[in-house]
Amino acid sequence: MATAGSQGSTSSKPFHMRRWLSVQQAVDHLSALSEDPLTSDDLARLAENHTLDLYWYRPGQQLSYIDRPGKPRTELTEPLRLCPEYSSDWRAIVGILRQRPALPAEENDTPTMQDDKGNRLQITFDFSHRPEPFSGRWYPNYGELVVKRRDLERLESHLFSEDDDQALAPNLLLDVIWQLEQLAMANGHDQSEQPHDLEWLTHELSDRTKLDPNLLGKVLNAAERQHAAH
């Protein structure tokens, strides 16, 4: 049978309690860890960047093997990985995370899945149970998309440290430095002081930071050039 793993298939526990989380459970879990509420759109961005694998779980759904047409059909008993290699399929699946159902016209439009042995599969229906064209039954619905618990746990530190640890872009830093330059020099434009200039600011910073004034001068000049280039 097609499964996403070989262990635990006889357990009486719900699948998500062992290894899996539904999309909504994943969102609730991450929101509980975050200061700001998260939505499935946050998972969609991870999926768009191919950072998070998505799986389809529709118990009892019939499957056919794409590369082995003579092999008998099998049944979906545990989640199968949805293949992100097919860009049009993947865009539609990511859209489902954003509450936009995918409504393909026919069976050949259904997304490709992969089992743990590398076999590629698609859903299939008996003729009498075949859905209508543009039916949501050809694609997962929001409640049928799941993620691996361990994948989500692996991403937690990345998700919640990203903002703190991400290096600021040099151009952004130069913009900030230029704004600080303007503030410092504007403070010298009163009647009791001489107007401040870059040389004055360089020496002031050198005195405060004990950094080489030549290095500081290069930074301030780079900020001026960056602003002028905008």
Side-chain angles (χ1 to χ4, degrees), residues 21 23-54 81-100 102 142 145 147-230:
L21 291 171
V23 166
Q24 192 56 54
Q25 287 171 325
V27 169
D28 293 344
H29 173 71
L30 292 176
S31 290
L33 299 176
S34 173
E35 294 180 0
D36 301 315
L38 300 179
T39 68
S40 60
D41 191 62
D42 295 289
L43 294 186
R45 284 193 290 273
L46 292 171
E48 277 179 327
N49 296 330
H50 302 286
T51 306
L52 180 66
D53 283 334
L54 296 173
R81 176 178 174 268
L82 288 153
C83 296
E85 293 82 7
Y86 304 96
S87 57
S88 59
D89 286 349
W90 196 245
R91 282 194 299 271
I93 292 161
V94 169
I96 295 168
L97 289 176
R98 296 191 167 113
Q99 311 290 342
R100 297 196 296 264
Y142 181 84
L145 289 176
V147 298
K148 277 189 176 180
R149 181 185 290 273
R150 70 182 183 195
D151 288 351
L152 206 64
E153 291 172 348
R154 174 176 51 83
L155 285 171
E156 283 174 9
S157 59
H158 167 75
L159 286 171
F160 300 122
S161 64
E162 190 175 51
D163 291 341
D164 295 334
D165 296 342
Q166 186 176 19
L168 292 174
N171 289 350
L172 176 60
L173 290 173
L174 291 176
D175 285 342
V176 172
I177 291 169
W178 183 84
Q179 294 292 345
L180 293 174
E181 288 179 30
Q182 307 317 299
L183 287 172
M185 290 189 287
N187 286 335
H189 288 175
D190 58 36
Q191 295 181 351
S192 63
E193 296 183 20
Q194 291 294 319
H196 295 163
D197 56 18
L198 283 183
E199 183 179 0
W200 170 88
L201 186 57
T202 300
H203 287 290
E204 281 291 310
L205 288 172
S206 179
D207 288 343
R208 290 169 182 256
T209 63
K210 309 306 180 186
L211 292 174
D212 183 350
N214 291 325
L215 175 61
L216 290 169
K218 289 179 181 179
V219 173
L220 297 178
N221 285 323
E224 290 284 325
R225 291 194 300 272
Q226 170 68 18
H227 178 75
H230 283 178

Rounded distance [0.5 Å steps], OG in Ser40 versus CG in Asp28: 10.5 Å

CZ on Arg81 to NZ on Lys148, rounded to 0.5 Å: 9.5 Å

From NE2 (His50) to CD (Glu85), nearest 0.5 Å: 8.5 Å

Heavy-atom check, side chain of Val27 versus side chain of Gln24, under 4.5 Å: yes

Arg154 CZ to Thr51 OG1 distance, which is reported to the nearest 0.5 Å: 8.5 Å

Donor-acceptor pair, side chain of Trp90 and main chain of Leu82, under 3.5 angstrom: no

For Arg149 against Leu21, the heavy-atom pair lying closest together: NH2-CD2, 3.6 Å

Enclosure of Glu199 CD (heavy-atom neighbours >12, cutoff 6.0 Å): no

Pair Val219-Leu205, side chain to side chain contact (heavy atoms under 4.5 Å, CB included): steps then yes or no: CA-CA 11 Å; Val219 173; Leu205 288 172; over 6 Å; no

4.5 Å side-chain heavy-atom contact, Val147 and Asp53: no

4.5 Å side-chain heavy-atom contact, Asp42 and Leu30: no

Where Leu97 and Ala47 come nearest, the two heavy atoms and their spacing: CD1-CB, 4.2 Å

Distance-minimising heavy-atom pair for Tyr142 and Val23: OH-CG1, 3.5 Å

Polar side-chain atom of Ser31 near backbone of Leu38 as donor-acceptor pair, under 3.5 Å: yes

Leu152 versus Ala26, closest heavy-atom pair with distance: CD2-CB, 3.6 Å

Gap between atom CG of Leu46 and atom CD of Glu48 - 0.5 Å precision: 9.5 Å

